[in-house]
Structure formats: C-alpha cells, structure tokens
Amino acid sequence: MQIVQTVAALRAAVADARARGERIGFVPTMGALHEGHLSLIDLARAQCACVVLSIFVNPLQFAPTDDLAKYPRTEAADIALAASRGATIAFVPSVDVMYPGPRVVSVIPDAIADRWEGAIRPGHFAGVLTVVSKLFNLVQPDVAVFGQKDLQQATLLRALVRDLDFPVTVQIAPIVREDDGLAMSSRNRYLGVDDRRAALALSRALSAVSGRFLAGVRDATELCATGDAQLRLESAVRCDYLSIVDPVMLAPVDTASVGDYVMLAARVGGTRLLDNHRLGEPFPVLR
Ligand code: AMP
C-alpha cells in the first residue's frame with residue numbers, strides 16, 4: 001500500500017492506477033479504524049483493483065464544543081489494518097494540505113440537513129459535504145463507499161452526488177455490529193465498562209421496534225414508544241431522538257412502511273452514539 005500525504009502524490013498514485021486500467025474505489029474515514037470501516041474497504045476492493053482509503057479528521061465538521069481535540073488517532077494501526085484488507089493507497093493529509101488558504105466556498109445542504117444530527121450539530125453536514133466534495137475532486141473515484149451507520153450522512157452524500165452531478169457511484173454498506181449488537185463506532189472506545197453495557201439499550205431498542213414492525217404494527221407512535229421504553233430501562237442512556245423516517249428525506253412518518261428507517265441518537269455517559277435499522281429486515285440476533 002502506498003501512503004501519500006500531499007495532493008500531488010495522491011494524484012500521481014491514482015493516475016498510475018488509472019494508467020494500469022484499474023477502477024478506483026474510495027473509502028473516506030476519520031481513522032480509528034474498526035471492522036465497520038474495513039467492511040467498506042472489502043466492498044470497494046471486490047469491485048476495484050485500486051482502493052483509496054483517506055484518513056482525515058475534518059475540523060470543518062466539528063463544532064467548537066465537539067470532541068475534535070480528543071478524537072482518537074491511531075494512524076499506524078489504521079494503515080496496517082487497511083493494507084491487510086487490500087487498500088492500495090492511503091491518503092493521510094494534514095489540515096494544511098486540505099485547507100491551505102482562506103476558505104470562501106462551502107457546500108451547504110438543504111433543509112433535510114437541519115433535522116436530527118443537523119439540529120444538534122449546526123454546520124456539521126456542510127463540513128461533511130464540503131470535505132467529501134474536495135476528496136471526490138482529488139481522488140476522482142468510480143465508486144465511493146459509505147456506511148449506513150451514519151444514515152443521515154449517507155442520505156446527504158447520495159443527494160450531493162445526485163444534485164451536483166459528481167461522476168461517482170455511491171454505495172452504502174450495512175452496519176457492522178459487535179457480537180452483542182452494539183454498532184461499531186470509533187467513539188465506542190470512550191465507553192467505560194458500565195456505559196458499554198448500558199449502550200446495548202440502543203440495539204435492543206432497534207431490535208424491539210423491528211420485531212413489532214415485523215409482527216404487523218405500523219403506527220409510528222406505537223413503534224417509537226416500544227423503542228423509548230427499551231432506552232428508558234437504562235438510566236445512563238439519554239435519548240436525543242428516536243423516530244421512524246422515510247428513506248429519502250428522513251422525515252418522520254405517521255404510518256411505517258417497509259424500507260422506512262428507525263433511527264436514534266443517544267448519549268451514554270459523555271459519549272454520543274447513533275444507530276438505525278431498516279424496517280422490514282430482521283434485526284440481527286443478539287448474543
Ligand atoms: P468515520 O471514520 O466515523 O467518519 O466513518 C467512516 C465511514 O465508515 C462512514 O461512511 C461511516 O458511516 C462508516 N462506518 C462507521 N461505522 C460503521 C459500522 N459500524 N458499520 C459500517 N460502516 C461504518
């Protein structure tokens with residue numbers, strides 16, 4: 001695997017791959033890689049001989065009160081893991097490489113970004129869409145892979161490519177979970193033993209909602225009450241939102257249908273966790 005830190009080196013490495021006739025897959029990350037990230041590399045690798053992994057903790061998507069400074073950074077381990085799964089180029093730029101001068105142009109999403117995560121983290125998605133637009137222009141991939149774990153982000157990235165005509169195919173990979181159901185996240189490492197156990201309330205809530213839906217319940221209020229009840233069983237868990245939403249605009253629905261999502265965010269101790277599940281699909285069996 002080639003490790004590149006500058007725009008020129010990245011462009012040269014990608015040009016070499018193109019000259020060899022390789023398709024280019026792209027997996028953007030903020031590092032602290034876990035099996036969820038690696039599953040995205042696997043999906044890209046299955047279709048593309050060249051897989052570019054980027055590791056960049058993007059300051060633009062963190063508010064001043066967010067956890068930018070303490071975001072986990074495990075670059076050496078990340079590079080070894082990515083190489084072991086077949087990534088061929090690691091792009092690891094500094095903040096100065098990505099944002100060399102004053103920045104006057106951003107990609108600002110429409111109102112869909114103002115709800116859920118956008119309501120709690122103003123400006124977050126403008127930061128995400130701006131950096132991903134830059135990365136798309138730098139890498140110029142054929143395929144870019146993102147995770148369903150960050151459902152609103154994935155939905156907005158699909159919209160970015162559709163609305164601004166980026167010549168890339170976006171693929172959304174399923175959520176990778178720990179054996180006990182907790183969705184893998186770089187932030188899980190912040191959880192102490194008690195909070196780690198309490199965090200299982202999130203996947204239990206999704207599992208319960210999924211089960212009620214599969215049993216025929218369609219009333220969204222009733223489905224949400226089922227999820228909320230699970231979350232309330234753990235006093236360390238503070239729910240930010242739990243809602244049944246349509247898959248395109250992520251707007252709350254009154255009556256749930258197959259293909260809608262149950263999505264939630266909750267704080268466990270000082271750690272904010274996200275999770276979701278597509279209704280109609282059985283929730284994975286939890287151990
Ligand atoms: P991050 O490094 O947190 O910005 O995540 C990079 C990419 O990995 C995003 O597309 C995430 O949605 C995806 N991702 C994070 N966690 C998981 C997971 N548990 N399963 C699948 N994809 C994930």
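Every number for a ligand or one of its atoms is a count from 1 in the order of the listing. These numbers come from a predicted model, not from an experiment. Numbering starts at 1 and runs along the sequence shown.
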Q) Under 4.0 Å between a Lys/Arg side-chain N and an Asp/Glu carboxylate O for D67 and R272? A) no
Q: Give a yes/no on ligand 1: does A32 have at least one heavy atom closer than 4.0 angstrom to it?
A: no
(Q) Check for me whether H34 has a heavy atom closer than 4.0 Å to any atom of ligand 1. (A) yes
Q | Side chains of W116 and D240 in contact at under 4.5 Å (non-hydrogen atoms) | A |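 Not in contact.
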**Q.** Within-4.5 Å side-chain heavy-atom neighbours: T221 and C224
**A.** no
I'd like to check which ligand 1 atoms, numbered from 1 as shown, lie under 4.0 Å from a non-hydrogen atom of [X].
X	result
G147	9 (C), 10 (O), 11 (C), 12 (O), 13 (C), 22 (N)
M184	16 (N), 17 (C), 18 (C), 19 (N)
K149	16 (N), 17 (C), 18 (C), 23 (C)
P28	6 (C), 7 (C)
I175	20 (N)
G36	18 (C), 20 (N), 21 (C), 22 (N)
F146	10 (O)

Q. Is a donor on one side and an acceptor on the other found under 3.5 Å between the side chain of Q47 and the backbone of L43?
A. yes
(Q) Tell me whether Q152 contacts the main-chain N or O of I112 through its side chain, where contact means a donor paired with an acceptor under 3.5 Å. (A)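 Checking the backbone N and O of I112 against the side chain of Q152, a donor-acceptor pair under 3.5 Å is found.
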Q: Have a look at T29, L40, L38, D150 and point out the one with the heavy atom closest to atom 8 (O) of ligand 1.
A: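 Looking at heavy atoms only, the winner is L40.
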Q) Considering S54, P174, A173, which one's heavy-atom position lies nearest to atom 21 (C) of ligand 1? A)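 Ranked by closest heavy atom to atom 21 (C) of ligand 1, first place is P174.
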Q: Indicate the atoms forming the closest heavy-atom contact of V237 with A201, along with that distance.
A: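 Nearest pair, atom of V237 first, then A201: CG2-CB, 4.2 Å.
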Q. Which class fits the ring pair F26 and F136: parallel under 30°, tilted 30 to 60°, perpendicular over 60°?
A. perpendicular
Q. Relative to each other, are the rings of Y99 and F56 parallel, tilted or perpendicular (30° and 60° limits)?
A. tilted
Quick one: nearest non-hydrogen protein atom to [atom], plus distance?
atom	answer
atom 5 (O) of ligand 1	H37 NE2, 3.4 Å
atom 4 (O) of ligand 1	M30 CG, 3.6 Å
atom 20 (N) of ligand 1	V176 N, 2.9 Å

Q: Applying side-chain hydrogen bond (donor to acceptor under 3.5 Å, both in side chains) between D180 and each of R204, R196, R197, report the one that passes.
A: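 Of all the options given, the one that passes is R196.
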